[in-house]
J.: 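I have a structure here, written as C-alpha cells, and I will follow up with some questions on it.
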Amino acid sequence: MTPPLNAAQRDAVETLSGPLLVLAGAGTGKTRVVTYRIAELVKHGVAPQQILAVTFTNKAAAEMDSRAMSLLGTRWRERPEISTFHSLCVRILRRHIQRLGYTKQFAIYDRSDQEGAARAALREVQAPSESLRPRDLIGFISRWKTASVRPVEAVASVRSDKEHLAALAYARYQRALKAAGAVDFDDLLLLVEELFERHREVREAEAARFRHLLIDEYQDTNGPQYRITKSLAAAHRNLCVVGDDDQAIYGWRGAEVTHILRFERDWPDAKVIRLEENYRSKEGILAAANRLIAFNRHRHAKTLRATRASSEPPRMVPAEDEAAEAQWVVGDMLRQISAGRAAPRDFAILFRTNEQPRAFEAELRRARLPYVLIGGYSFFDRKEVRDILAYFKVVVNAADEVSLLRIINTPPRGIGVAAVKALMDEAVRRRAPLWDVVASNACDLSIAAAAKEGVRTLRVLVERFRQRAARESPLAVATDLVQETAYRQEIERLYREPNERLARWSSVEEVINSLAGYVDRQEQPSLAGFLDEVALLGREDTSDKEQRLENNAVALMTIHAAKGLEFSQVYLVGMEEELLPHRRAIETGSAAIDEERRLCYVGITRAKDHLTLTWAQERRRWGKLRSSTPSRFLLELQGETKEAPAAVYKPVVAG
DNA sequence: TTAGTGACACTTTTT
DNA sequence: GTGTCACTAA
C-alpha cells in the first residue's frame with residue numbers, strides 16, 4: 001500500500017548523525033521521514049527514550065507518536081519523547097524551577113487566567129477602562145516576552161501612551177504572576193531559557209537526556225524555541241530540522257522564518273536535503289496551490305511535483321449566506337456518503353476563525369453526521385468548567401490569586417465586592433499573597449460578619465482538601481470537592497431552564513470524566529498533573545470516547561490547527577475578503593497578506609483527492625447582516641489577479 | 001450583600 | 001448571540 005521511500009527521503013532517513021536540514025514542501029512525506037528516521041535510529045542501537053522529537057501541536061505529536069510506535073512495534077517498553085516545545089518545557093521546569101525562585105507547584109496560566117491577571121494589573125496602574133483592554137495588554141506582553149524584552153526595557157522603549165501604560169502593567173503583571181507561583185505560556189519557554197543560561201549543569205543534564213533531536217515545522221520556531229533547540233543539541237550535534245518556508249503561518253506569534261533560512265550558517269557542516277515530490281494531492285489541487293503561492297514575492301523558489309495524476313481543478317461554490325454555505329457543504333457530503341463514495345472520516349471542513357464552525361455544527365447535527373470539532377471555543381472555556389478547575393487550582397496552589405478570586409464567592413458565601421477589596425488591601429499592606437489573609441481568617445478586618453464567616457468556610461474547605469489531595473486519589477478528592485461546594489445547587493439557582501441546567505451540570509460531570517481518563521492513563525496521577533494536562537492540551541480531549549468518534553467523523557478545525565494533517569476531501573470555507581485574508585491582515589499590509597496566503601496554501605494542500613472552496617455573499621456578524629466580497633485568493637489560484645481578472649469567477653454552481 | 005436588568009463590546013490564528 | 005460590567009432595588 002505505502003510506496004517505498006524515494007531517494008531523497010531515504011537519504012534523510014538514513015543520515016543518522018550530525019546536523020541535517022530537510023526542506024520539505026507540502027505533502028512530500030515529511031512526517032513519514034521523521035517517523036522512519038526514529039525507527040532507523042532505534043534499529044541502529046539508539047534507545048527510544050534518547051530520541052526527542054518536537055512538534056508544533058499536540059495533535060501532530062499524538063499522530064507522530066502513534067505512527068512511530070507502530071513502526072517500532074510493541075517490543076519496546078520505552079518510548080521516544082515526542083512532544084511540543086511547551087510540554088517539554090513544563091517537564092524541565094517541574095524538575096528545576098525552584099532554582100529560579102519559583103515554587104515547585106507552579107500553576108500554568110492559560111488565556112483566561114492571563115486575562116484575569118491582566119485585568120488586575122490594569123486596575124493597579126489605574127488604567128481607564130477604555131484605554132487598554134486586558135486582551136490587548138496580553139498581546140503587548142506576549143510580544144515583549146518572545147522578543148526577550150523585560151519590563152524595565154519595555155518601559156524604556158515605548159513609543160505611545162498606550163504602550164507606556166502596557167509597559168507599566170507588564171511589570172505588575174509579571175510580579176503578580178511570580179507572587180502567585182504562576183507562569184504563562186511564554187514564561188514556559190523563557191524560564192527554560194533562563195534556567196539554561198544561569199545554570200550550566202542543568203542545561204548539560206537536560207541536554208544529556210537525549211542523543212538525537214528532531215524538530216518538525218522548524219519554520220515556525222520563535223526566538224526562545226530556537227535558542228532552546230541550540231542548547232539541547234550543542235553537545236551531540238545530532239539535530240534534524242524539517243520545515244517549509246511556504247508554510248510559515250505563525251509570524252504573529254513571534255515565529256521567524258530566518259531561523260530555518262540560517263540553519264546552514266548555524267551549523268556549517270549541515271547536510272541539506274530537499275523533498276519536492278508531492279505524494280498527497282492530485283495534480284489539479286497542487287497546480288492551484290502552486291499558482292497561489294507564486295504570488296508571494298519573498299520565498300525560496302521551489303517546484304513541487306505532483307505524483308498523483310488528475311487534472312480536476314478545485315471546485316468553487318458560492319452561497320447566499322453562512323447558513324446556505326453550511327447547508328450546501330453538508331448536503332454535498334451526504335450525497336457522497338449515501339452513494340457509497342465516501343465516509344464521514346474522509347471529510348474535513350477548514351476555516352479561518354473560530355466563529356465560523358457554528359453554522360456547520362448545527363447543520364451536521366441536523367444531518368446526523370458524526371463530527372469532531374478540534375480546538376475552538378469550547379469545553380474548557382465554559383463558566384462552570386472554569387469554576388471547578390479554579391477550585392482544583394486553589395487546592396493545589398493556594399497562592400494562585402486569579403483562581404482564588406474566581407471562587408472566593410462562587411457559589412455566594414457572603415464575600416461581596418467590598419469584602420474582597422478589604423482582603424486585597426490587607427494583602428497589599430502585608431505584602432503577602434491574598435491567601436495568607438484568608439488563612440489568617442481576617443478577624444481584625446472591618447468587614448461584615450457574614451463575610452468573615454464566608455472566609456472561614458472557604459479556608460476550612462480548601463485546607464481540608466489540600467490535605468486530602470496529598471494522600472488520596474485525585475478522583476475521590478475531586479468528586480467530594482464538587483459535592484461540598486454544592487455547585488450543583490448553584491447551577492439550579494442560577495439557571496431556570498431544565499435543559500440549560502442539565503447541560504451545565506453535564507459539563508461539570510465531564511470534567512470529572514476527563515480527570516478519570518487522566519488517572520487511567522497516568523502511572524502517578526495527581527490533581528496538579530491533571531491541571532498541567534488541561535493547560536497544555538487545552539481543548540483537545542484525548543479521552544477514548546472522543547477517539548472512537550474520531551474514527552469515523554467529519555473533522556472541523558481552523559486552518560492553523562490542520563497544519564501537518566491530510567484529508568481525502570477538504571472544504572475550505574469562508575473564502576472571503578476580510579476573512580481570508582483576515583481584515584486585520586489587510587489593515588496591516590502586504591507582509592501580513594503574504595502570511596494569509598501561506599495559510600490558504602496550507603489549507604489547500606491538506607486535500608488529497610478533492611478540494612472545494614466556498615464563500616458566502618452575505619454573512620451575519622453579531623447579528624448584523626453584512627455583504628462580503630470573494631477572496632482575492634480565489635482569483636490568484638486560478639492564476640489571475642485583482643487587477644487583471646480574466647473572468648470574474650468560475651464557480652461551479654451548487655446542485 | 002445579592003439578584004435582576006440592560007448596555008456593551010466582542011471575534012484572528014495557538015501553546 | 002454571549003459574557004461582563006454598571007446600576008438599582010430589596
Side-chain angles (χ1 to χ4, degrees), chain A residues 54-61 83-90 108-112 114-116 119 129-130 133-136 138-139 142 145-146 183-189 217 220-222 224-225 248-255 350-359 362 374-377 381-383 386 409-420 447-451 453-454 493-494 496 532-540 557-563 574 578-588 592 595-596 598-600 602-603 619-624:
Chain A
V54 179
T55 61
F56 220 72
T57 61
N58 294 303
K59 185 125 180 83
S83 70
T84 61
F85 267 109
H86 288 80
S87 302
L88 172 72
C89 287
V90 170
I108 301 169
Y109 273 10
D110 65 14
R111 235 202 119 86
S112 141
Q114 268 185 297
E115 253 173 65
R119 195 165 290 131
S129 58
E130 281 312 296
R133 286 184 300 268
R135 207 171 268 270
D136 301 325
I138 295 169
S142 181
K145 283 190 177 178
T146 31
V183 303
D184 63 21
F185 281 115
D186 299 313
D187 287 337
L188 291 175
L189 302 172
E217 312 284 11
D220 282 323
T221 50
N222 64 21
Q225 290 168 334
I249 54 175
Y250 281 94
W252 53 273
R253 207 171 92 181
L350 306 183
F351 37 83
R352 177 65 176 87
T353 69
N354 279 316
E355 66 172 329
Q356 285 168 266
R358 284 216 171 103
I374 313 272
Y377 307 120
D381 292 324
R382 292 179 203 165
K383 178 189 181 300
R386 299 213 63 89
N409 200 35
T410 308
R413 51 170 74 83
I415 313 173
V417 193
V420 171
I447 54 177
E453 183 53 27
R493 192 181 66 87
L494 243 37
R496 325 215 69 190
D532 275 2
E533 202 176 276
V534 168
L536 290 169
L537 299 183
R539 301 104 208 265
E540 277 161 60
M557 64 187 96
T558 62
I559 308 174
H560 281 92
K563 180 153 107 148
E578 310 217 324
L579 212 46
L580 185 69
H582 195 271
R583 191 161 66 98
R584 296 281 276 261
I586 297 172
E587 284 163 5
T588 311
E595 183 153 310
E596 298 285 305
R598 289 192 292 270
L599 193 56
C600 185
V602 168
R619 192 171 283 277
R620 211 170 289 277
R621 281 197 118 178
W622 313 309
K624 285 211 169 69

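Note on naming: letters A, B, ... go to the chains in the order of the sequence lines (proteins, then strands), and numbering restarts at 1 for each one. Model, not experiment: these values are computed from the prediction.
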J.: Quick check, does A:Trp252 stack with B:dT13? I mean ring centres under 5.5 Å and planes off by under 30°.
T.: yes
J.: Reckon A:Phe56 touches a base, only the sugar-phosphate, or nothing at all at heavy-atom distances under 4.0 Å?
T.: sugar-phosphate
J.: Please confirm whether the backbone N or O of A:Ser142 pairs with a side-chain atom of A:Thr146, one donor and one acceptor, at under 3.5 Å?
T.: yes
J.: Would you call the rings of A:Phe185 and A:His86 parallel, tilted or perpendicular, where under 30° means parallel and over 60° means perpendicular?
T.: perpendicular
J.: If you only use heavy atoms from C-beta on, which nucleotide in B:dT15, B:dT13, B:dT14 is closest to the side chain of A:Asn58?
T.: B:dT15
J.: Using atom NE2 of A:His560 as one end and atom C1' of B:dT11 as the other, report the distance to the nearest whole Å.
T.: 15 Å
J.: Name the nucleic acid region contacted by A:Ala418, choosing base, sugar-phosphate or nothing; use a 4.0 angstrom heavy-atom cut-off, strictly under.
T.: sugar-phosphate
J.: Considering only B:dT13, B:dT15, B:dA9, which nucleotide approaches the side chain of A:Arg133 most closely?
T.: B:dA9
J.: With distance as the sole criterion, is a donor-acceptor pair present between the side chains of A:Gln356 and A:Thr353 under 3.5 Å?
T.: yes
J.: Which listed nucleotide (B:dT1, B:dT15, B:dT13) is nearest to the side chain of A:Ala419?
T.: B:dT1
J.: Closest-nucleotide mapping onto DNA chain B: is A:Val420 or A:Thr558 further toward the 5' terminus? I mean the 5' end.
T.: A:Val420
J.: Mind checking who C:dC5 pairs with, Watson-Crick or G-U wobble, both distances under 3.5 Å?
T.: B:dG6
J.: So if I take every side-chain heavy atom of A:Glu355 and compare against B:dT14, B:dT11, B:dT15, which nucleotide ends up nearest?
T.: B:dT11
J.: Which part of the nucleic acid does A:Ile415 contact within heavy-atom distance under 4.0 Å: base, sugar-phosphate only, or nothing?
T.: sugar-phosphate
J.: Here's a test for you: under side-chain contact (heavy atoms from CB on, under 4.5 Å), which of A:Asp187, A:Asp186, A:Leu189 qualifies with A:Pro224?
T.: A:Leu189
J.: Any base atoms under 4.0 Å from A:Arg119, or only sugar-phosphate, or nothing? Heavy atoms, all strands.
T.: sugar-phosphate
J.: Give the rounded distance in Å between these two atoms: CD1 of A:Ile138 and C1' of B:dC10.
T.: 14 Å
J.: Would you kindly compare A:Ile249 and A:Pro412 by the position of their nearest DNA chain B nucleotide and give the one closer to the 5′ end?
T.: A:Pro412
J.: Heavy atoms under 4.0 Å, any strand shown: does A:Asn409 hit a base, just sugar-phosphate, or nothing?
T.: sugar-phosphate
J.: Could you tell me if the side chain of A:Asn409 sits less than 4.5 Å from the side chain of A:Val420, heavy atoms only?
T.: no
